[in-house]
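Structure record follows, encoded as structure tokens.
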Amino acid sequence: MIVQTAFADNAQEKALSVRDLTKDYPGVRAVDTVSFDIDRNTVHCLVGENGAGKSTIVKMLTGALAPTSGSMAILGRDYAPSSTQDARESGIGTLFQELHVVDQLTVLENLTLGMEASRLGFLVKSDLEERVTKTLAAIEPTIDPSARVSSLSVAQKQIVEIARAASSGASIIIMDEPTAALSEREVERLFGVIRRLRDSDVTVIYISHKLDEIFELGDNVTVMRDGKHIATKPLADVNGRPELIEMMVGRAITHDYESRGEIADKPVLTVKGLSNYLLKDVSFHVNEGEIVGFYGLVGAGKTEVARAIYGADKADGQIDFLGRKRPSSPKEAIEAGIALVPEERRTQGLFTELTIRRNIPIMNIRKLASFGVFKDEREKEVAREYVGKLGIATNSIEKYAEKLSGGNQQKVVLSKCLFADADMLLLDEPTRGVDVGAKSEIYDLIRDLANNGRAICIFSSELEEVLGICDRVFLMYDGRVEAEIQNGAEVDIPQILNVVTGGGRENP
Amino acid sequence: MTDQAIAGRRLAERDNRLSDEMFITSLVAGAAVALFLLASILVPNFFQFQNVVNLVTNNWAVISLGVGVTFLLVSGNFDLSVGGIVALSGVLAVWFAQSTEGANALSSGWGMPTWLAMVCALIGAMLIGAINAVFVVALRVPSIIVTLGTMMLARGIAQVVTQGSQRNTNLPSDFGVLGNMTMFGTSIKLPVVLMAVLILVAVFVERKTVFGRLTYLIGANPVASRLSGVDNARHVIKLYLFSAAMAGAVGILLASEFKSGFSNRGMLMEFDALVISLLGGVAIAGGFGSVIGMFFGAIILATVTSAATGLVLSPDWQFTLKAIAVFIAIMAQTWALARRHA
């Protein structure tokens, strides 16, 4: 890695340079002294596993976050955006995953939105319309500027948004997973647009989990890992997927999986052909006392599998849990003996403005009541019991949940599930935002629960987590279960990464 | 004794701290008492026991409506339809009870016995509650819009039935009994006693039952409550039916008291019920508040308006005073909670 204190001499040729860029969050360094250059008029890809620091870098580039230290420069000039507005004015456009077009207006009105010339508050005609029409025609001539945006497809709306960024004078356009919602043909068209942009003096920063797209489209690639910059080089010099994956993973992933012995083939949960808006024909089974993992990147469908089993989302296909009635709501799932620790702890799992005591019994609240009347004393006993059992660090059961650390909050959410007397636990990102100490305590607890005969499903985007505690792992990509692996010392990590980035399709 | 048991006992000692709800309720109650004392200094002859009684008895209707409104607010939902339901149920009760052969359309009704007329009027009121529930729960229309609509719908039906005026003739002689019955040999009327019973039951439900607990959970975080196995939809339906039933009962008792069904009755009561809930510390975003707080909110509002109007200022100042009281109350609540959590 080259570390420079000053920008290079040929800095004007660099569309963007970052030097020693660092972003600290309390307790974590999300981006660690990262330096790299992006050549002008190229498609520059940014790759890395979940949590590698890509989105944090993007947020700093777009002015949504201020760096802790380090500097950025556009075409050799210092660049330190104070807001997203400031970043736009400096020539950085962004294509977000959620579209920001106004359906009720025409394409042209959308393109000029916020740039209208006005005098004394009245709109006046200007050459703006002509200019944006030209820009749109240059990148995608098939879109009629007078068409109403509501009549366009998602892909076309995306192109309108790109045209808007380009016509507002953006010299750099950042695209974060732009193909997530597109069909194959639409992807091809988008790539055409991106290439034409590059040829018309625009630099594109392209972020995607789909490595094939990177090889097809990219000129250069920057690989990030654990907040650090690993490499920046022309894709022509990268020796195919294996080398890219190796750079993304780098270190041997340490996983201290200890086999929990032979697990009897005694299915408690059998899922067949689960399909919905995202999932495609997902089938698997989970045995009694088994810890099963679902690993995949963001958007692979892990959370959707959990929610479908839990009755929180609708899905076609068969779900059989111990021959009990298939739950059509979370309430019925809990009655059937299934409990979920949701993905978003603070908004979905926890009642942050309630105390620990009030949080713990929620999933099985009637257990603490007789004839509908609540037994306060019993509730306090239960709260103390779980605070002690799970080692929740607090000086009082009357402490508000929002005041607890991430790890202790998650223990409260786990307590909720345990109090529900579930036979199966669905744990979606169980240790996200949890410190190392609490992490290993949560893992111990999960193993304990499994040893007592409960079935556990862990849905995680951390490979180390999945390989650390799961007995069997299902690899997900694009709404499908692509592979099943038995955990053990000999798991092939590059192959796992190959599968979850879409490499399992061509060579199964 | 294990470490855990010792830790448990230490925890138990900390549990005696007041909860946020108790804190705010005490604050509101204190403010009500302080305002009453202040009014007693400023206004001659204000400091009388009878005056305290009047503050409650003159406001039984709004306080009763406030119970349903408070439960709904705590669950994160508005109910602006209660004033309209008061008018509708009163008009319906009178219409159903009027004898069939009156001299004109406004003096003839359905000829039902009083009890049946009142039961049917109550069912009519609950139908409005059911409409609220369908739109809010099944169609996910924001409750403030739905209940604004049903507020006008209920009053609109009342206006059609009374032809924009009132029905007060050809009623059975026992129609006025319920609303005018005095209790315990005092001048206190039955509706006031019913209000007191309602408050006691509501406080019990809110503090001590699973039903009350679920109401808070839904208001505090509807997403988490659904994922925690709470049937939000079913619970909110129950709350709307309850609120409409209480409003219906208030309307019927008022109709009985005045032996008339009047389409303008209960005008603006929905806003008064909302105002006293907010004055009493109920959070407009849901998840927080209490019926007792609402009760003291009503006392504050009554003290301010009755002490000021007619004695210091002209009655024309009533709305302005209410507005000032609401602003102060909401700022005080925000400030008090922020300090507590700092």
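Reminder, nothing fancy here: chain letters follow the sequence lines and each chain counts from 1. FYI, side chains are in, hydrogens and waters are out, and symmetry mates aren't considered; it's all heavy atoms of this structure.
- Of the atoms belonging to A:Leu350, it is backbone heavy atoms, and not side-chain ones, that fall under 4.5 Å from chain B.
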Check: Where do B:Leu217 and A:Leu354 land on the side chain to side chain contact (heavy atoms under 4.5 Å, CB included) test, with the steps shown first?
Finding: CA-CA 9 Å; B:Leu217 293 182; A:Leu354 299 187; 3.4 Å; yes
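- Of the two parts of A:Leu340, only the side chain, counted from C-beta on, holds a non-hydrogen atom closer than 4.5 Å to a non-hydrogen atom of chain B.
- Of the listed residues (A:Arg366, A:Arg358, A:Lys416, A:Glu332), the one with the most heavy-atom contacts under 4.5 Å to chain B is A:Arg358.
- By the 6.0 Å contact criterion, CZ on B:Phe327 is open, its count of non-hydrogen atoms from other residues, nucleotides or ligands being 12 or less.
- Only the side chain of B:Phe204 comes within less than 4.5 Å of a heavy atom of chain A; its backbone N, CA, C and O stay farther away.
- More than 12 heavy atoms of other residues, nucleotides or ligands sit less than 6.0 Å from atom NZ of B:Lys238.
- For chain A, the option among B:Leu214, B:Asn221, B:Val205 with the highest count of heavy-atom pairs below 4.5 Å is B:Asn221.
- For A:Glu379, the part sitting under 4.5 Å from any heavy atom of chain B is the side chain, from C-beta outward, and nothing else.
- Looking at A:Arg345, neither its backbone nor its side chain comes within 4.5 Å of chain B, counting heavy atoms on both sides.
- Only the side chain of B:Arg213 comes within less than 4.5 Å of a heavy atom in chain A; its backbone stays farther off.
- Minimum heavy-atom separation, B:Ala220 to A:Phe351: CB-CD2, 4.0 Å.
- Residues B:Val223 and A:Thr347 are not in side-chain contact: their nearest non-hydrogen atoms beyond the backbone lie 4.5 Å or more apart.
- For A:Phe419, the CZ atom sits in a packed shell: over 12 heavy atoms of surrounding residues, nucleotides or ligands are nearer than 6.0 Å.
- Considering every non-hydrogen atom in both A:Tyr310 and B:Leu227, the closest pair reads OH-O, 2.5 Å.
- For A:Asp376, the part lying under 4.5 angstrom from a heavy atom of chain B is the side chain only.
- Inter-residue side-chain proximity for A:Glu353 and B:Phe288 is flagged as unmet; no heavy-atom pair is nearer than 4.5 Å.
- B:Ser228 contributes atom OG, which lies 9.5 Å from atom CD1 of A:Ile365 (distance to the nearest 0.5 angstrom).
- No more than 12 heavy-atom neighbours from other residues, nucleotides or ligands sit within 6.0 angstrom of CZ on B:Arg234.
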